[in-house]
Colleague: 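Dropping a structure here in structure tokens format, bear with me for questions.
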Amino acid sequence: MRALAILAVLFFHAYPESLPGGFVGVDIFFVISGYLISSIIFRGLDLGSFSFFDFYARRVRRIFPAVAFVLLGSFVLGFFLLIPYEFEEHLLDESPYAAFFLENWRLYVTTGGYWETATELKPLMHFWSLGVEEQYYIFYPLICYLLWKVSVKRFLACLMVMFFVSFALCLYDTYNDSARAFYSLHSRFWQLLIGGVLAYVELQWPQYKKLMGGAFIREINLNNIFSLVGVLLIVFSLIFFEEGKYFPGWRALFPTIGGLLVIAAGTEAILNKYVFSNKLAVFVGLISYPLYLWHWPFICIARNNLGGELPTGFMMVVLIALSFLMAYLTFTLIERPMRSKKPTWQMILCLVMVLLLVSLGTKTAVRRSELLQHTLFAGMPESVQETLKDLPRSERNDIICTDVFGEGHSVCRSTSDKPSVLFFGDSHNYTMWDVLYNQGELPPFYIVGNGGGLIFDDVFVVSKDKKVNSALHEKTSRVWNAIRSHSEINTIVLRGNWVGNLSSTLISNRYPDIGGKNLIKQLWRDTFAELSWLNKQVIVVLDNISVPFNPLVRCVSSHRIDLKKQSNECWIPFESIDPKEYEIRDFLKAEAQKWDNVTIVDSWDALCDEKGCYLSNDNIPYYKDGNHLSIYGNRLVWDLIKKTVFGK
């Protein structure tokens with residue numbers, strides 16, 4: 001059964017189109033774990049020998065060593081195959097949550113769900129299911145102990161009540177908050193508990209199958225029916241289920257009940273005896289835990305190295321083979337030897353400390369040590385190192401700028417006392433300072449920007465969790481107050497992620513009945529109108545294109561070991577550019593023509609030619625991620641802006 005579950009998950013991750021419902025292998029694991037853990041607890045309670053320390057110590061002894069080893073291996077693999085910020089964000093930052101089984105809640109809070117590309121690029125994403133199981137192990141033994149002490153006769157009834165409550169919550173969340181349903185213990189509890197119900201029934205009524213079959217069906221025939229129906233339910237799930245289609249919900253009943261029936265069928269059912277009990281299946285089942293831990297880091301880190309593209313062909317075969325090899329070594333050298341050792345307080349404390357050092361300790365050391373930071377970047381191409389360098393904190397704000405526009409901006413800099421030009425926008429605007437801050441002579445200007453901010457006054461941004469960002473609103477208001485009150489500022493250069501604005505959820509007190517694109521366009525008209533009334537010259541920079549991948553990874557030689565084929569140039573043809581890009585560009589061009597004080601600067605003039613728009617050229621990255629320009633891309637756009645604004 002473990003072999004079936006792990007192979008389903010592995011093939012779903014490696015060849016998703018060949019086994020679209022392979023993700024239900026996790027559901028089968030839940031049933032197996034619930035059954036085995038419950039059997040241990042119930043036997044101990046029945047004999048009066050159950051020990052909380054022994055139970056938890058055995059879980060730590062089995063789980064922690066392999067997790068620590070896999071995390072270390074992932075760090076080594078990531079060091080060579082990931083660029084530094086991916087290594088830090090995808091591995092180091094996630095490792096404490098993965099190590100201590102909080103990855104399910106981490107993913108729920110930080111991503112939109114299991115099926116999103118952002119989630120699929122996290123090498124420790126698969127720890128979410130271990131998080132669910134370990135959280136179950138924490139609470140379940142205590143619940144069972146208390147229920148058993150209160151009333152053994154009502155124990156099964158209590159289990160069934162918990163089952164139906166959890167299943168009801170699962171149904172509710174699946175249709176109201178699918179990510180929470182997928183990742184949460186309360187919506188998965190029933191899948192683990194159903195295995196516990198079977199374990200209790202087998203303990204209290206070992207002859208229950210004879211009662212079910214009566215005089216008409218022999219027990220061996222009933223076992224074969226159970227096994228066959230169970231396998232058919234699982235196979236149906238593997239073939240016909242699709243990712244993202246209202247799962248878990250009622251659909252999860254198919255693999256869950258299927259797994260339960262196969263377990264209930266026992267060792268004498270024909271399928272169980274000759275398929276699930278053959279030596280190969282048993283071997284894969286034995287290494288299923290480390291195989292589950294290893295396979296996803298191999299596939300996912302390689303996918304990150306390939307710029308988001310899933311490895312194919314021989315490369316995928318090699319990754320799968322390496323996963324099996326590392327799983328076997330982990331089982332042989334770590335898992336099996338640890339099982340022979342008696343769990344003690346000293347051992348448990350040591351294992352917890354090792355896992356803390358590997359996860360949180362490594363993360364803290366790399367983040368805070370200049371030597372380790374230097375090592376992390378060493379060996380990378382110089383252009384990539386320059387692209388990934390963070391702007392020094394000392395260069396992000398100065399007192400001349402903050403005296404005018406207030407504090408708290410992502411960047412607020414001035415190049416002289418009381419300049420007449422203001423560059424205003426979001427991160428697409430202020431990343432230009434990465435290029436300019438260390439240049440010798442600069443024309444006089446302010447540059448002010450906030451990540452995720454807007455240029456529009458009195459407008460609130462609403463986040464995905466429906467929270468209003470009052471802080472951004474307040475910062476933008478301060479900039480507009482300065483524009484209105486400082487007559488010496490006579491030129492405003494607006495630069496930002498204009499196509500991204502179209503997808504933002506905004507609230508305007510002035511236009512409470514307008515939303516979406518219509519609101520954005522009305523706000524632009526109001527902005528031009530007010531700046532015209534204030535007698536300000538306006539330069540609107542039409543933004544660079546955005547792409548659904550990281551060009552820094554896909555388009556240039558950016559790793560110590562590159563798995564992808566390199567090209568001297570990387571570009572997007574005009575017909576492949578998002579239509580929304582054209583929509584906002586066409587609107588701004590048309591609207592600018594209505595105002596004598598508005599001029600357009602088109603970043604495409606610097607980044608595109610007759611073929612399309614370039615993401616890199618001659619192995620020089622023009623982008624640092626899917627929508628932000630690198631210092632090299634920004635340098636090209638700055639030359640255009642400088643000529644228009646300053647005439648040189």
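Owing to the predicted nature of the structure, the values given are computational and were not obtained by experimental measurement.
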Colleague: Go through it in stages, so that I can follow the logic: the residues are R413 and L442, the test is side chain to side chain contact (heavy atoms under 4.5 Å, CB included), and I'd like the CA-CA distance, side-chain angles, deciding distance and then a yes or no.
Modeller: CA-CA 12 Å; R413 291 286 308 193; L442 289 172; over 6 Å; no

Colleague: Treating D578 as the side-chain partner and S546 as the backbone partner, does any N or O pair qualify as donor plus acceptor under 3.5 Å?
Modeller: no

Colleague: Which side chain to side chain donor-acceptor pair (under 3.5 Å) pairs, counting each pair once, include a residue from residues 433-447, with sequence neighbours left out?
Modeller: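 Sorted result for residues 433-447: empty, none.
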
Colleague: Quick check: do I301 and L82 have side-chain heavy atoms less than 4.5 Å from each other?
Modeller: yes

Colleague: Please check if the number of heavy atoms outside E407 that lie under 6.0 Å from its CD is greater than 12.
Modeller: no

Colleague: For a 4.5 angstrom cut-off between non-hydrogen side-chain atoms, does R106 reach D93?
Modeller: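 They are in contact (side-chain heavy atoms under 4.5 Å apart), so the answer is yes.
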
Colleague: Does atom CD of E488 have more than 12 heavy-atom neighbours, drawn from other residues, nucleotides or ligands, at distances under 6.0 Å?
Modeller: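 Buried by this count: over 12 neighbours within 6.0 Å.
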
Colleague: Side-chain contact test, heavy atoms from C-beta onward, threshold under 4.5 Å: evaluate it for I483 versus L531 and give yes or no.
Modeller: yes

Colleague: Give, for atom CG of L357 and atom OG1 of T364, the distance between the pair rounded to the nearest 0.5 Å.
Modeller: 10.0 Å

Colleague: Walk me through whether F182 and W128 qualify under ring-ring contact (aromatic ring centres under 6.0 Å, His included).
Modeller: CA-CA 10 Å; F182 196 92; W128 77 267; 4.8 Å; yes

Colleague: Without swapping roles, check the side chain of E88 against the backbone of R367 for a donor-acceptor pair under 3.5 Å.
Modeller: no

Colleague: For R510 and Q522: C-alpha separation, side-chain torsions, deciding distance, then whether side chain to side chain contact (heavy atoms under 4.5 Å, CB included) applies.
Modeller: CA-CA 11 Å; R510 191 183 307 176; Q522 184 58 53; over 6 Å; no

Colleague: Please report the C-alpha distance between Y632 and N617 in whole Å, then the side-chain angles of each, then the deciding distance to 0.1 Å, and finally whether the side-chain hydrogen bond (donor to acceptor under 3.5 Å, both in side chains) criterion is met.
Modeller: CA-CA 10 Å; Y632 303 101; N617 198 7; over 6 Å; no

Colleague: Counting only heavy atoms not in Y172, do more than 12 fall under 6.0 Å of its OH?
Modeller: no

Colleague: State, yes or no, whether a side-chain contact exists between E530 and R484 at a heavy-atom distance under 4.5 Å.
Modeller: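 A side-chain contact under 4.5 Å exists here.
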
Colleague: I'd like to know if the side chain of N497 reaches the main chain of G500, judged simply by a donor and an acceptor atom lying under 3.5 Å from each other, with no hydrogens or angles considered.
Modeller: yes

Colleague: Could you report the tightest heavy-atom contact between Q537 and N597, atom names first, then the distance?
Modeller: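 What the structure gives for the nearest pair is OE1-O, 3.5 Å.
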
Colleague: Within this structure, what is the CH2-CG distance for the pair W524 and L588, rounded to the nearest 0.5 Å?
Modeller: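 Going from CH2 on W524 over to CG on L588, the span is 5.0 Å.
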
Colleague: Can you tell me which residue pairs pass the disulfide bond (SG atoms under 2.5 Å apart) test with a partner in residues 378-418, sequence neighbours excluded?
Modeller: C401-C412

Colleague: Can you give me the closest heavy-atom contact between I447 and Y430, atom names plus distance?
Modeller: CD1-CA, 4.0 Å

Colleague: For D609, does the CG atom have more than 12 heavy-atom neighbours from other residues, nucleotides or ligands under 6.0 Å away?
Modeller: yes

Colleague: What class does the angle between the rings of W105 and H186 fall in, given that below 30° is parallel, 30 to 60° is tilted and above 60° is perpendicular?
Modeller: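 Tilted, since the angle between the ring planes falls between 30° and 60°.
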
Colleague: Under 3.5 Å, is there a donor-acceptor pair between the Y511 and D526 side chains?
Modeller: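 Indeed, the side chains of Y511 and D526 share at least one donor-acceptor pair under 3.5 Å.
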
Colleague: Where is the tightest heavy-atom contact between L91 and G78, given as atom of each residue plus distance?
Modeller: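 Closest pair (atom of L91, atom of G78, distance): CD1-CA, 3.9 Å.
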
Colleague: Could you report the tightest heavy-atom contact between L607 and G633, atom names first, then the distance?
Modeller: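 Reported closest heavy-atom pair: CD2-O, 4.1 Å.
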
Colleague: If you take all heavy atoms of E583 and K517, which pair is closest and at what distance?
Modeller: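 For E583 versus K517, the nearest heavy atoms are OE1-NZ, 3.1 Å.
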
Colleague: Does the K475 side chain pair with the main chain of G408, one donor and one acceptor, at a distance under 3.5 Å?
Modeller: yes

Colleague: Answer yes or no: does atom CG of D586 have more than 12 heavy-atom neighbours from other residues, nucleotides or ligands under 6.0 Å?
Modeller: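 More than 12 within 6.0 Å, yes.
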
Colleague: Verify, without hydrogens or angle tests, whether S184 (side chain) and S187 (backbone) share a donor-acceptor contact under 3.5 angstrom.
Modeller: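 No; zero donor-acceptor contacts below 3.5 Å.
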
Colleague: Side chain to side chain contact (heavy atoms under 4.5 Å, CB included) between Y97 and E103: does it pass, once the steps are laid out?
Modeller: CA-CA 5 Å; Y97 300 97; E103 185 67 9; 3.4 Å; yes

Colleague: I'd like to know if the side chain of S416 and the backbone of P444 have a donor-acceptor N/O pair within less than 3.5 Å.
Modeller: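 Such a contact is absent between S416 side chain and P444 backbone.
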
Colleague: Flag the pair I539 / I641 as yes when at least one side-chain heavy-atom distance between them is below 4.5 Å, and no otherwise.
Modeller: no

Colleague: Assess the pair F456 and W480: is the distance between their ring centroids shorter than 6.0 Å?
Modeller: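 Judged by ring-centre distance (under 6.0 Å), F456 and W480 do not meet the cut-off.
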
Colleague: Can you confirm whether S503 sits close enough to K580 that some side-chain heavy atom of one is under 4.5 Å from a side-chain heavy atom of the other?
Modeller: yes

Colleague: Within the distance-only criterion (no hydrogens, no angle test), does the side chain of Q373 pair as donor or acceptor with the backbone N or O of V366 below 3.5 angstrom?
Modeller: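 Yes; judged by distance alone, with no hydrogens or angles, the pair exists.
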
Colleague: Quick check: closest heavy atoms across P311 and A302, and the distance to 0.1 Å?
Modeller: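 Minimum heavy-atom contact is CG-CB, 3.8 Å.
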
Colleague: Going from OG on S420 to CD1 on I492, what distance comes out if it is rounded to the nearest 0.5 angstrom?
Modeller: 9.5 Å

Colleague: Ignoring hydrogens and angles, tell me if any N or O in the side chain of N544 forms a donor-acceptor pair with the backbone of N627 under 3.5 Å.
Modeller: yes

Colleague: Could you tell me whether a side-chain N or O of N481 sits under 3.5 Å from a main-chain N or O of S477, the two making a donor and an acceptor?
Modeller: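 Between the backbone of S477 and the side chain of N481 there is a qualifying donor-acceptor contact (under 3.5 Å).
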
Colleague: Under 6.0 Å between the ring centres of W604 and Y582?
Modeller: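 Yes, ring centres under 6.0 Å apart.
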
Colleague: Report yes if some heavy atom in the side chain of I400 is under 4.5 Å from a heavy atom in the side chain of V404; otherwise report no.
Modeller: no

Colleague: Taking the six-membered ring for Trp and the single ring otherwise, decide whether the centroids of F423 and F445 are under 6.0 Å apart.
Modeller: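 So the answer is yes for these two rings.
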
Colleague: Let me confirm one number: the OG-CG distance from S359 to L124, rounded to the nearest 0.5 Å.
Modeller: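 Reported to 0.5 Å precision, the distance equals 10.5 Å.
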
Colleague: To the closest 0.5 Å, what do you measure between CG (L534) and CG (N490)?
Modeller: 12.0 Å

Colleague: Using side-chain heavy atoms (C-beta onward) and a distance below 4.5 Å, is T174 in contact with P248?
Modeller: yes

Colleague: From I600 CD1 over to E591 CD, what is the distance, rounded to the nearest 0.5 angstrom?
Modeller: 10.0 Å

Colleague: Counting neighbours of CD1 on I399 that are heavy atoms of other residues, nucleotides or ligands and sit closer than 6.0 Å, is the number greater than 12?
Modeller: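 Atom CD1 in I399 is not packed in, count stays at 12 or less.
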
Colleague: Please confirm whether the backbone N or O of E309 pairs with a side-chain atom of R303, one donor and one acceptor, at under 3.5 Å?
Modeller: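 No.
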
Colleague: What verdict does the side chain to side chain contact (heavy atoms under 4.5 Å, CB included) test give for K589 and D602, after you've listed the backbone C-alpha separation in whole Å, the side-chain angles of each residue and the deciding distance to 0.1 Å?
Modeller: CA-CA 10 Å; K589 285 180 180 179; D602 193 347; 4.2 Å; yes

